[in-house]
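Data block below; observations after.
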Amino acid sequence: MRNVFTYFMLFFIYAILGWIIETTLVSVEKRKFVNRGFLIGPYCPIYGFGGLAITILLKNYTKDPIVLFLMAVIICGILEYFTSYIMEKIFKARWWDYSNNKFNINGRICLETLVPFGIGGVLVLFVFNPFLEKIINLIPDLALNIVTGVLCVLFLIDCIVSFKIILNLKEMTKELKDN
């Protein structure tokens with residue numbers, strides 16, 4: 001059962017790290033703070049799911065870093081493509097667009113972002129997970145259960161509120177256009 005809570009913690013850690021990286025890169029580029037998260041909280045769930053997918057699906061590929069890299073590129077590419085597609089269908093808006101980048105597929109994924117995801121996949125299994133799992137294993141079971149429970153409840157509330165806000169904004173925009 002502890003593995004489930006470890007996976008939850010890894011999800012949140014990677015989601016927060018993804019938000020920090022994205023927000024930092026874009027904020028430096030724009031020279032002002034840009035919150036890259038879809039949700040209110042400081043996390044990008046796509047990075048959490050990507051980190052978990054790599055952790056769960058690719059743990060048997062650590063003997064071959066090149067295959068691990070390629071598989072991480074494929075997994076992250078599929079995740080990013082379908083996340084973009086689903087979000088566009090739900091919200092009728094694009095959250096990112098790589099149409100101007102070389103080697104893109106429908107503007108949803110591109111080689112420029114997939115290569116870092118492949119490198120990240122290798123780092124997840126060789127560097128980050130061993131380090132993070134040691135720290136997580138130091139947390140007593142009860143504390144780990146409480147922390148992950150609280151994080152999950154806050155995340156769920158954030159998802160509900162964020163979805164509602166975005167859908168309301170879409171409705172307000174539609175009403176303004178109609179008027």
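Fair warning: this is a prediction, and the values are worked out from it, not measured in the lab.
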Determine, using ring centers only, whether Tyr47 and Trp19 are less than 6.0 Å apart.
-> no
Pairing residues for Glu22 by the salt bridge (charged side-chain N to carboxylate O under 4.0 Å, His left out) criterion, not counting sequence neighbours = Arg36
Is it true that atom CZ of Phe103 has more than 12 heavy atoms of other residues, nucleotides or ligands lying nearer than 6.0 Å?
-> no
Is the number of heavy atoms from other residues, nucleotides or ligands under 6.0 Å of Phe12 CZ greater than 12?
-> yes
Contact summary for Glu80 and Ile46, nearest pair of heavy atoms | CA-CD1, 3.8 Å
Closest non-hydrogen atoms of Thr83 and Trp96, given as atom of the first, atom of the second and distance, are CG2-CH2, 3.8 Å
Please lay out, stage by stage, how Asn168 and Lys164 fare under the test side-chain contact (heavy atoms from CB on, under 4.5 Å).
-> CA-CA 6 Å; Asn168 286 344; Lys164 187 162 178 51; 3.8 Å; yes
Honestly curious: do Phe33 and Ile16 fall in one hydrophobic cluster under the side-chain, below-4.5 Å linking rule?
-> yes
Less than 3.5 Å apart, which donor and acceptor atoms pair up between the side chains of residues 145-152 and the rest of the protein, not counting sequence neighbours?
from, atom 1, to, atom 2, distance (Å)
Asn145, ND2, Asp141, O, 3.4
Thr148, OG1, Leu144, O, 2.8
Thr148, OG1, Asn145, O, 3.2

Is it true that a side-chain atom of Thr24 and a backbone atom of Ile21 form a donor plus acceptor pair closer than 3.5 Å?
-> no
List the steps and the verdict of side-chain contact (heavy atoms from CB on, under 4.5 Å) for Leu10 and Ile136.
-> CA-CA 9 Å; Leu10 289 174; Ile136 292 168; 4.1 Å; yes
Taking everything shown except Phe126 itself, do over 12 heavy atoms lie less than 6.0 Å from its CZ?
-> yes
Hey, is the main chain of Ile40 close enough, under 3.5 Å, to the side chain of Asp158 for a donor-acceptor pair?
-> yes
Heavy atoms of Trp95 and Ile166 approach each other most closely as CH2-CD1, 3.8 Å
Minimal heavy-atom distance between Arg108 and Ser84, with the atoms involved, is NH1-OG, 2.9 Å
Taking all non-hydrogen atoms of both residues into account, name the closest pair between Ala72 and Gly121 and its distance.
-> CB-CA, 3.9 Å
CD/Glu112: more than 12 non-hydrogen atoms of other groups inside 6.0 Å = no
Which atom pairs, one a donor and one an acceptor, fall under 3.5 Å between side chains of residues 48-61 and the rest of the protein, sequence neighbours left out?
from, atom 1, to, atom 2, distance (Å)
Thr55, OG1, Gly51, O, 2.7
Thr55, OG1, Asn129, ND2, 2.9

Please assess Phe38 against Phe163 for the test ring-ring contact (aromatic ring centres under 6.0 Å, His included), listing each intermediate value before the final yes or no.
-> CA-CA 9 Å; Phe38 162 75; Phe163 271 69; 5.4 Å; yes
Do you know the tightest heavy-atom contact between Gly118 and Val73?
-> CA-CG2, 3.6 Å
Under the ring-ring contact (aromatic ring centres under 6.0 Å, His included) criterion, do Tyr43 and Tyr14 qualify, and how do the steps go?
-> CA-CA 8 Å; Tyr43 33 72; Tyr14 289 128; over 10 Å; no
Around atom CD1 of Ile66, are there more than 12 heavy atoms of other residues, nucleotides or ligands at under 6.0 Å?
-> no
Please check if any side-chain donor atom of Asn106 sits under 3.5 Å from a side-chain acceptor atom of Tyr85, or the reverse.
-> no
